[in-house]
Novice: 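Let me give you the structure first, and then I'll get to my questions.
These values consider heavy atoms only, across backbone and side chains, with no hydrogens, waters or symmetry-generated copies.
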Amino acid sequence: MYGMSQPQIQIEELDSLPIILSLLKKMDILRLIDTIFIPHKNWSGLSVGETVAIWLSYIIAHHDHRMCSLEDWVEKRQQILSDFFCHPISPKHFTDDRLARILDYFSNSERWNEFECQLNATIIRVYGVFSDLVRIDMTTANSDGIVTESGLLQFGHSKDDPTTPQIKIALSVLDPLGLPLTVSILPGNTADDPLYIPVMDSVIKNTNNQRLLFVGDCKMCALGTRLHAFLHQMDYLCPLSEVAHPTSEIIEAVHSFESSNGIMTPIKREYYTGDEAIIAEAFEKKVMRSAHKDGMHHSWEERIIYAKSFAHAEKQKAKLDSNLEKSLDEIFSMNERGRGKPVYRSRSEAEDKIQSVLKSNSILGVISYEIREELTKKTIRAYGNRPKRTEKKISVKVSANVNQEAYDAAIEILGWRAYITNRSEDLLSIEAVVLAYRDQYVVEHAFHRLKGKCLSLTPIHIQKDERIDGLVKLLTIPLRILVVIDKTLQDSIAQRGENLSGLFRYNPKKELVKPKAERIIEYFKGVFVSKVAMGNQYFTSIIGLEEKHMEILGLLNLSVDIFTAFGVIQDT
C-alpha cells in the first residue's frame with residue numbers, strides 16, 4: 001500500500017553465545033569477579049564481571065584474546081548482548097584501556113587467589129568434579145616482547161622456540177578431566193624443580209584438603225620436594241630420573257625380583273570401547289627414606305614400583321634395531337673407496353670413528369668390531385734425478401657384527417621404568433600407580449588448549465609483566481568452562497547410553513563417546529537472530545537452530561529458553 005514504511009531487517013550472529021554466557025552465570029563467575037575485583041572509583045558503565053563475561057565469550061567462540069578486536073565484535077552483537085544483560089551495551093565499554101585495566105586487576109595475586117579458590121569450590125560443588133588426584137606440570141609460552149633484567153620475559157630452555165623470550169607457567173589440574181586449580185606465572189628462565197613445593201602448598205590452601213595425591217614428572221622426584229610432601233601430609237607419585245635411580249639399579253632390582261621367583265602384577269587397562277588389555281607388568285619394593293631439615297632427622301617409607309610397558313618396549317626395540325642397522329651401514333662404509341670417501345690411515349683414526357658412530361646411536365657395547373691394518377708396497381721406477389724407491393701405505397679395514405649376548409641383555413631391560421610414591425598400597429595399588437602416571441597427558445591437554453588454537457595464548461603480544469600475568473590468569477577461566485562442557489557431555493552420554501552423532505557434516509553417522517567442547521561450540525556457528533521492524537511492531541526469530549542443537553542443549557543440561565529468550569525459533 002502506498003505510504004507504508006519499508007520493513008527494517010537486522011540480523012546478528014548468535015552462535016554459541018547463549019551457552020557460554022549461561023555457563024558463566026551458572027558458575028557464578030560474574031558475581032565472584034564483581035565481589036572480589038573492586039574497580040577504581042572512576043570505572044563506569046558495565047561492571048567488571050559483565051565486561052569479562054563478554055570478553056570470555058569472544059575468546060571461546062573466536063579463539064582470539066586480542067583486545068583490539070573486541071569492540072567491532074560487540075558492535076555487531078550489540079542488541080543480543082543488551083537483551084541478555086537487560087541494559088544497553090556499548091562497544092565503548094570494551095576499549096583497550098578498560099580491558100587492560102582488568103588484566104591489571106587479575107595480576108593482584110591476593111585477590112586472584114581468593115577468586116580462584118571460590119571459583120574452584122563452586123565448580124566442584126555444582127558439577128561434582130572433585131577427586132584426590134592433582135597433576136602438576138610446567139610449560140613455556142613464547143613472546144615477541146623485549147627482555148628486561150628482572151622481567152617475566154627471559155630466554156630459557158624451550159621445546160617451542162628457544163630463540164624468542166618466554167614466560168614459564170606452572171599449572172595444577174584436577175584429575176580426570178584436567179580442571180585447573182592453580183596457575184603461577186614466572187620468569188622464562190626459572191628452573192622447574194623448585195616450583196613444585198609452592199604449587200603443592202597453593203593447591204592445599206585452595207582446596208582445604210590435606211590428603212591429596214600429587215602426580216608430576218621426574219623433576220618432582222627431588223628429595224627436598226618429597227620431604228616437604230611428607231612433612232605436610234601430602235602424597236606424591238612421580239617417575240624416578242636417571243640421576244635419582246640409574247638404569248643399572250633398575251636392572252639389578254629386576255634380576256633380584258626374578259631370582260626370588262617373584263610374580264609380576266599384570267597391569268590392565270579398560271578402553272572407552274569396553275575392550276580390556278594387559279599393557280604392562282610390574283612389581284614393587286618398599287624402602288626407608290631419611291633426610292635432614294632444619295637440624296632434624298626425618299624418616300618415612302616409600303614404595304618403588306618397577307613397571308615394564310610392553311608398547312614402550314616394542315617402540316624402544318624398533319629404535320634399537322634401526323640404530324643397529326644404521327651403525328653397521330656407517331661402519332661398513334668405512335671400507336669403501338672413491339671420490340669424497342675418507343681414508344683411515346691408522347687404527348686410532350678408525351677406532352675414534354667407530355666409537356663416535358656407536359655413541360651417537362646409543363648402542364655402545366651391542367656391536368662387536370675388528371680393525372685390521374694392511375700394509376701395501378709399491379715399487380716406483382727411477383725417473384730423471386729420482387732414484388728407484390718403494391712406497392709403503394697403511395690402509396685400514398673394519399668388520400662388525402651384532403654381539404648377540406649384549407643385544408639380548410639390552411632387549412631385556414627395554415620398557416622398564418621406576419616410579420616412587422609414599423601413598424600406601426591399600427589406597428594406591430600397583431596397577432593404580434602405573435595407570436595414574438600414564439594419564440599425565442591430561443595436564444598436557446590443558447596446555448595444548450591454552451597455547452594452541454583454542455585459546456591462542458602464544459605468541460604473547462603484551463609487553464607489561466602485570467598484564468602478561470593477568471592475561472594467563474584470565475585464560476584459565478575459559479579453560480575451566482571447556483572442562484565443564486566436556487564433563488557435562490560425557491556424564492549425560494554415559495547416563496543415556498547412546499553416543500552423540502551428527503557433529504560432522506561430512507560424516508553425520510560418526511559417533512562420539514567423548515565429544516570435546518571445541519566441537520560443540522563450532523557446531524553452533526550459523527545460528528542467527530533476525531529482527532524485523534514494521535512501524536512500531538517488532539518480530540524476532542532464531543534462524544539455524546535445529547533438532548541436533550536441541551539434543552546438545554539437553555546433554556548440557558541447558559534449556560532451549562536460553563535461545564528462545566532472543567526470539568521464536570524459525571523452522572528451517
Side-chain angles (χ1 to χ4, degrees), residues 133 213-223 225-227 229-230 234-270 276-291 298-321 323-324 362-366 402-440:
L133 197 157
L213 174 63
F214 290 96
V215 181
D217 61 18
C218 60
K219 293 185 286 294
M220 187 175 138
C221 77
L223 183 59
T225 304
R226 286 146 54 196
L227 173 61
F230 165 71
M234 307 174 192
D235 292 338
Y236 53 83
L237 166 63
C238 56
L240 287 167
S241 65
E242 179 67 21
V243 174
H245 203 61
T247 302
S248 58
E249 294 183 12
I250 296 178
I251 297 171
E252 182 181 346
V254 172
H255 289 165
S256 175
F257 183 80
E258 290 175 344
S259 62
S260 64
N261 297 321
I263 300 176
M264 297 282 187
T265 301
I267 309 299
K268 298 179 182 179
R269 183 160 198 168
E270 184 177 350
E276 191 177 79
I278 298 177
I279 59 172
E281 59 183 8
F283 68 94
E284 74 168 90
K285 73 173 182 180
K286 294 181 173 64
V287 296
M288 289 302 299
R289 193 71 60 193
S290 61
H298 304 279
S299 298
W300 70 100
E301 186 179 74
E302 292 184 320
R303 299 163 58 207
I304 301 179
I305 291 85
Y306 299 91
K308 179 177 182 177
S309 167
F310 301 139
H312 190 48
E314 286 297 321
K315 185 178 179 180
Q316 287 183 317
K317 181 179 181 300
K319 184 177 180 180
L320 175 63
D321 292 341
N323 287 346
L324 280 173
S362 304
I363 52 171
L364 287 171
V366 183
V402 176
N403 184 331
Q404 193 61 44
E405 184 178 348
Y407 177 79
D408 293 340
I411 292 295
E412 185 181 0
I413 65 171
L414 295 181
W416 283 99
R417 194 166 196 183
Y419 304 90
I420 193 162
T421 182
N422 64 332
R423 177 162 281 199
S424 60
E425 190 174 2
D426 58 328
L427 296 177
L428 190 70
S429 65
I430 294 180
E431 186 176 36
V433 167
V434 178
L435 295 180
Y437 188 75
R438 287 176 72 93
D439 288 339
Q440 190 68 357

Novice: Could you tell me if the side chain of R423 sits less than 4.5 Å from the side chain of V433, heavy atoms only?
Specialist: no
Novice: Give the intermediate values and the outcome of side chain to side chain contact (heavy atoms under 4.5 Å, CB included) for residues I430 and R303.
Specialist: CA-CA 10 Å; I430 294 180; R303 299 163 58 207; 4.1 Å; yes
Novice: Taking the side chain as every heavy atom from C-beta outward, state whether I250 and E252 have any pair of such atoms under 4.5 Å apart.
Specialist: no
Novice: With a 4.5 Å cut-off on side-chain heavy atoms, are I251 and E249 touching?
Specialist: no
Novice: To the nearest 0.5 Å, how far apart are CD1 in I363 and CG in N323?
Specialist: 6.0 Å
Novice: So which heavy atom on S309 is nearest to which on A280, and how close?
Specialist: CA-CB, 3.9 Å
Novice: Is the closest side-chain donor-acceptor distance between Y407 and E412 under 3.5 Å?
Specialist: no
Novice: Okay, side chain of E431, backbone of K268: is any donor-acceptor separation there less than 3.5 Å?
Specialist: yes
Novice: Within the 4.5 Å heavy-atom criterion, are L435 and R269 side-chain neighbours or not?
Specialist: yes
Novice: Nearest heavy-atom pair of M220 and C238: which atoms, and what distance?
Specialist: C-SG, 4.0 Å
Novice: If you take all heavy atoms of C218 and L240, which pair is closest and at what distance?
Specialist: CB-C, 4.4 Å
Novice: Less than 3.5 Å apart, any donor N or O on the side chain of T247 or E242 sitting next to an acceptor on the other?
Specialist: yes
Novice: Working note: I420 + H245, criterion side chain to side chain contact (heavy atoms under 4.5 Å, CB included); need CA distance, chi angles, decisive distance, verdict.
Specialist: CA-CA 10 Å; I420 193 162; H245 203 61; over 6 Å; no
Novice: Working to the nearest 0.5 Å, report the span between CZ of F283 and OG of S256.
Specialist: 8.0 Å
Novice: Roughly how far, to the nearest 0.5 Å, is CG of L414 from CD of Q316?
Specialist: 5.0 Å
Novice: Taking atom CD of E276 as the centre, does the number of heavy atoms from other residues, nucleotides or ligands within less than 6.0 Å exceed 12?
Specialist: yes
Novice: With a 4.5 Å cut-off on side-chain heavy atoms, are V366 and N403 touching?
Specialist: no
Novice: Apply salt bridge (Lys or Arg N to Asp or Glu O under 4.0 Å) to the pair E301 and K286, showing each step before the final yes or no.
Specialist: CA-CA 7 Å; E301 186 179 74; K286 294 181 173 64; 5.5 Å; no
Novice: Does atom CD1 of I263 have more than 12 heavy-atom neighbours from other groups under 6.0 Å away?
Specialist: no
Novice: If I take atom CD1 from residue I279 and atom NE2 from residue H312, how far apart are they, to the nearest 0.5 angstrom?
Specialist: 13.0 Å
Novice: Which pair of heavy atoms, one from Y419 and one from A307, lies closest together, and at what distance?
Specialist: CE1-CB, 3.9 Å
Novice: For a side chain to side chain contact (heavy atoms under 4.5 Å, CB included) check, start with the C-alpha distance between E281 and F310, then their side-chain angles and the critical distance, and finish with the verdict.
Specialist: CA-CA 8 Å; E281 59 183 8; F310 301 139; 4.0 Å; yes
Novice: Would you sort out whether D439 and L133 count as a side chain to side chain contact (heavy atoms under 4.5 Å, CB included), showing the intermediate values?
Specialist: CA-CA 11 Å; D439 288 339; L133 197 157; over 6 Å; no
Novice: Is there a side-chain contact between I411 and K317, using heavy atoms and a 4.5 Å cut-off?
Specialist: yes
Novice: If you take the centroid of each ring, where Trp contributes its six-membered ring, are Y306 and F257 closer together than 6.0 Å?
Specialist: no
Novice: Calculate, to the nearest 0.5 Å, the distance between atoms OG and NE2 belonging to S290 and H298 respectively.
Specialist: 11.0 Å
Novice: Strictly distance-based, threshold 3.5 Å: is any side-chain N or O of S259 a donor or acceptor partner for the main-chain N or O of H255?
Specialist: yes
Novice: How close do A313 and K308 get, heavy atom to heavy atom, and via which atoms?
Specialist: CB-CE, 4.1 Å
Novice: Would you indicate whether the side-chain heavy atoms of W416 and V254 approach each other to under 4.5 Å?
Specialist: yes
Novice: Using every non-hydrogen atom in the two residues, find where Y437 and P239 come nearest and quote the distance to one decimal.
Specialist: CE1-CD, 3.4 Å
Novice: Any side-chain heavy atom of Y236 sitting closer than 4.5 Å to one from N422?
Specialist: yes
Novice: Under 4.0 Å between a Lys/Arg side-chain N and an Asp/Glu carboxylate O for R226 and D235?
Specialist: no
Novice: Can you tell me how far CD of E284 sits from CD1 of I304, rounded to the nearest 0.5 angstrom?
Specialist: 10.0 Å
